[in-house]
Structure formats: structure tokens, C-alpha cells
Amino acid sequence: MATVAYKCPSCGAGIGFNAELQLFKCEYCCSEYTEEQIAAQAPDDAHGETSKTSDEENEEFCNEFLSYTCKNCGAEVFADEHTAAEICYYCHQPVVCDGRLSGQLKPRFVIPFAYDKAEAENMFLKFAKSKWFVPRDFFAKKQVEKIQGIYYPFWLTDVDVSASRTANAQNVRTWKVGKNLYTETSHYKLYRAGDIHFEDVTTGAFDAESKAMLEGILPYPNESLKDFAPTYLSGFIAKKRTVEHADIIDEVKKQVSEYSGTLLAETMRGYNSIQPQGTQVKLNKILGDYSLLPIWVLTYKKGEKIYTYAMNGYTGKIYGELPISGKKLWLLFAIVSLGITLLGTLGGLLL
């Protein structure tokens, strides 16, 4: 398994992607570089070093853990089987596990982070502090600093479908002649059909446990996609996919069926009432591109439950379940109870 540590061409320090600048910036000498300039480093030169394990070790690590020696400080660092990029916990040197992003596991697209860690922390604090019953330690400095920028794997699927939709509809007309009121009801059988192309239907390529939360921060704009280069991962954590495209076909079909039904329903206008009968969808062509999308993630443990907060690393959209402070709820209950008691007492005195 090869690991690649991208370093500053000027001073040799570890270098990572700066979301605010959309460039690679060295925190030591403040030099700035484009992705092309960093990628142009030869893999075996003094600034872009690699290390490889034996075939036997490689097989073992692929099945369980990757162990590598940080080229910056010499520490032994471990990454689980689903991690494609890591950060040395001792010297914070960013390292890309290059062997896990090759061949069929190589993503086609990536969306770079648009918010850096400081901005992500501020957005989280604004979000958490606006909620009345969140425990104070949820947005304490030590807790907020645990927020991590992670590239998660998604499938972006282009789909061509032939879709049709049927419905019953009515138009009602009333008029009055003298003292008589007349009503005319016209009944219609509606049919709509067409070929529809869907671009980049986004589906998580990870375990079901994370799926609801991480898909809650969708969508990502199509124009933000870039051709994948491992340099974008430097300075962040990245996960490789655990779900193949064939396994999400039914999910994609369900999504495009709902979208198709909505699009065709919008053409059924001009009636007083409509009763949908059903939508039929045939998949003509389906093509999936494996992509890595940016998410800021923060977890919080309260008792035995773990709460996870996620923020779209490009749009800033937030999704997550927040913990509730029992003390704050009790305080509110006490204040409300006291207010009701005082009102009752005051009412009794006035009577």
C-alpha cells in the first residue's frame, strides 16, 4: 500500500488544501500553489515522498488496517480499511493512502471544500447556540475543535428513462337559468409520456448507518465538480466506498420514478380535480460515476447515545440531531409553573 505525503515545494513542510483560497497553502512559509503545481511533484522527489509495504503486508492491511510511518515525524499511524486519506495525529502531516484510490476504486470526480475549519466551527456555533435546549458543553471550545473535514464516497448517476403517467380528471361547470341551477361534470382520462434525462442523481456509497444523516446535507451543485486528483485530499480525511453501483440501482430507480411522476404531473393542469393512477418508468441507460464529496462532521456523546452533526462542505447546509439538556428543560418547566401559580394567585386575589 503506497502512502503519499504532499509537501511544500519551497520549504518541505506538509501542505494541505486551503478551502478559503481554493489553493494549496503552506502554513509555515505561506507559499501558495495550484493543484496542478502540487500534482506535478514527482512521487519520489524530496517533497513528495512515498512508502510501500511488502505484498504480504499489503494484503493484510487491505483486509483490516493500514499501518504507515509518517514521513514527517516518524510516528506509526493506523487507518481502517475504509480510510483513503488521513492526518498524522502527532505532527498533523496530511497523508493520502494512494493505493486505496487506484484502479476501480479511483473516484472520477471530487468537490473541494469551500469552507475551512475556522468557518465550519463558526457556522456550527451559530447553529447550536440558536437552539434553546442544547447542553452548554455541546458547543464548548474543546468539543467544537473536534470537527473534522471528511470526503465521503457517493455515486453520481446519469439516467435516461421512458416514463408515462395516467390520471383521472374532472372539470365542473355550473350555471343558473331562472330558478334552476345546473351542474355539468366532464370526466377525462389523462395520459402523459416522454423521455427524460437525469443528471447526477446522488446516492451514498457507504453503510446504511451513516446514509440518512449524510444524504440529509444534499444536494451539491453540478458545477462544483472537478476531475479527481488525490492532492485535494491532502489535509483532510477521506473514506473509500463500501457500496458498489449495482447495489444502488433500485434506490436510483425509486428516485427517478418519483422525479418523473412529479415532472409529468406538472403537465396535467387546467382541471378542477385530478386523481393520479400511477407512473411507469423504464430505465433505458444508467451510468454511475464514483465521487468524493466534502462534509464537516462533529460527534457528541451523551450517556450511551452518540449525536452526529454534519455540514455540507460546499453549500453549508446542516443536518443533525441535537442533544437536549435536561437542566434547561427543568428550568423552563419551573419558570412556566411559577408563572401559572402567580397568575392563579393574582386571579384569586382579584376575585
Side-chain angles (χ1 to χ4, degrees), residues 108-109 111 114 127 130 152 154-205 208 210-226 243 245-291 293-295 310-321:
R108 181 173 180 188
F109 296 115
I111 296 180
F127 169 75
S130 67
Y152 273 91
F154 286 82
W155 285 108
L156 304 183
T157 307
D158 294 344
V159 191
D160 291 329
V161 304
S162 294
S164 62
R165 184 179 176 89
T166 56
N168 294 325
Q170 298 80 37
N171 269 337
V172 179
R173 183 171 71 96
T174 60
W175 69 94
K176 192 174 183 181
V177 179
K179 293 183 178 180
N180 296 320
L181 182 66
Y182 297 89
T183 300
E184 177 188 78
T185 302
S186 300
H187 295 271
Y188 303 90
K189 185 73 173 178
L190 306 182
Y191 178 80
R192 301 287 188 271
D195 294 328
I196 308 173
H197 174 74
F198 294 96
E199 192 85 12
D200 295 335
V201 178
T202 308
T203 311
S210 306
K211 202 170 182 64
M213 176 200 69
L214 296 178
E215 291 189 349
I217 50 87
L218 297 177
Y220 289 84
N222 291 5
E223 61 272 17
S224 60
L225 289 168
K226 294 182 179 295
V243 175
H245 192 252
D247 299 324
I248 54 100
I249 297 298
D250 289 343
E251 184 178 349
V252 170
K253 184 175 181 179
K254 181 180 178 182
Q255 289 189 52
V256 298
S257 295
E258 293 175 356
Y259 297 154
S260 298
T262 299
L263 290 172
L264 293 175
E266 290 177 354
T267 69
M268 297 178 174
R269 296 179 179 176
Y271 303 93
N272 294 133
S273 61
I274 299 176
Q275 300 82 46
Q277 299 299 299
T279 302
Q280 301 298 319
V281 174
K282 177 187 176 184
L283 299 182
N284 296 326
K285 185 179 180 181
I286 184 166
L287 177 65
D289 288 318
Y290 174 37
S291 306
L293 307 183
I295 302 176
M311 185 184 90
N312 186 308
Y314 191 85
T315 68
K317 183 179 178 181
I318 293 170
Y319 181 91
E321 179 187 3

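- Side-chain contact between Met311 and Ile217 is absent, with no heavy-atom pair separated by less than 4.5 Å.
- Here the side chains of Pro294 and Tyr152 are not in contact, with every heavy-atom distance at 4.5 Å or above.
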message: For Ile286 and Val252: C-alpha separation, side-chain torsions, deciding distance, then whether side-chain contact (heavy atoms from CB on, under 4.5 Å) applies.
response: CA-CA 9 Å; Ile286 184 166; Val252 170; 4.1 Å; yes
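- Atoms CZ and OG1, from Arg173 and Thr183 in turn, are 10.0 Å apart once rounded to the nearest 0.5 Å.
- Atom CZ in Phe154 sits 11.0 Å away from atom OH in Tyr290 (nearest 0.5 Å).
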With side-chain contact (heavy atoms from CB on, under 4.5 Å) as the criterion, how do Val256 and Leu283 come out once you've worked through the C-alpha distance, each side chain's angles and the decisive distance to 0.1 Å?
CA-CA 9 Å; Val256 298; Leu283 299 182; 4.1 Å; yes
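- The two residues Ser291 and Leu156 have their closest heavy-atom pair at OG-CD1, 3.4 Å.
- Summarising the geometry, atom CD belonging to Glu251 is positioned 10.5 Å from atom CD1 belonging to Ile249; distances are rounded to the nearest 0.5 Å.
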Audit row: Asn222, Glu199, side-chain contact (heavy atoms from CB on, under 4.5 Å) steps and yes/no: CA-CA 9 Å; Asn222 291 5; Glu199 192 85 12; 3.9 Å; yes
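- Side-chain atoms of Val161 and Asp195, non-hydrogen and from C-beta on, never get closer than 4.5 Å to each other.
- For the pairing with Val281, the side-chain contact (heavy atoms from CB on, under 4.5 Å) check across Ser164, Ser162, Ser260 returns one residue only, Ser260.
- For Trp155 (side chain) and Ala246 (main-chain N/O), no donor-acceptor pair under 3.5 Å exists by modelled atom type.
- The CZ atom of Arg108 sits 4.5 Å away from the CG atom of Asp289 when rounded to the nearest 0.5 Å.
- Among all heavy-atom pairs drawn from Ala310 and Ile295, the shortest one is CB-CG2, 4.0 Å.
- Atom OH of residue Tyr188 and atom OG of residue Ser273 lie 11.0 Å apart, to the nearest 0.5 angstrom.
- Below 30°, between 30° and 60°, or above 60°: for Tyr259 and Phe198 the angle between ring planes is between 30° and 60°, a tilted geometry.
- Looking at Arg165 and Leu190, their side chains never come closer than 4.5 Å, going by heavy atoms from C-beta outward.
- Between the side chain of Gln277 and the backbone N or O of Gln275 there is at least one donor-acceptor pair closer than 3.5 Å.
- Summarising the local packing, NZ of Lys317 is surrounded by more than 12 heavy atoms from other residues, nucleotides or ligands at distances under 6.0 Å.
- Closest approach of Asp158 and Asp200 over heavy atoms only: OD1-N, 2.9 Å.
- The shortest side-chain heavy-atom distance between Thr279 and Thr166 does not fall under the 4.5 Å cut-off.
- Here the closest non-hydrogen pair linking Ile274 and Met268 is CD1-O, 3.0 Å.
- For the pair Ala163 and Ile196, the tightest heavy-atom approach, listed with the atom from each and the gap, is CB-CD1, 4.2 Å.
- For the atom pair CD1 (Ile111) and CG (Asn312), the distance works out to 8.0 Å, reported to the nearest 0.5 Å.
- A salt bridge is defined here as a Lys NZ or Arg NE, NH1 or NH2 lying under 4.0 Å from an Asp or Glu carboxylate O, and Lys285 with Asp160 fails to meet this definition.
- Residue Gly288 comes nearest to His245 through the heavy atom pair CA-NE2, 3.4 Å, listed as atom of the first residue, atom of the second, then distance.
- Residue Gln170 places its CD atom among more than 12 non-hydrogen atoms of other residues, nucleotides or ligands, all under 6.0 Å distant.
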| message | Please determine whether side-chain contact (heavy atoms from CB on, under 4.5 Å) holds for the pair Asn168 and His187, giving the CA-CA distance in whole Å, both sets of side-chain angles, and the decisive distance to 0.1 Å. | response | CA-CA 7 Å; Asn168 294 325; His187 295 271; over 6 Å; no
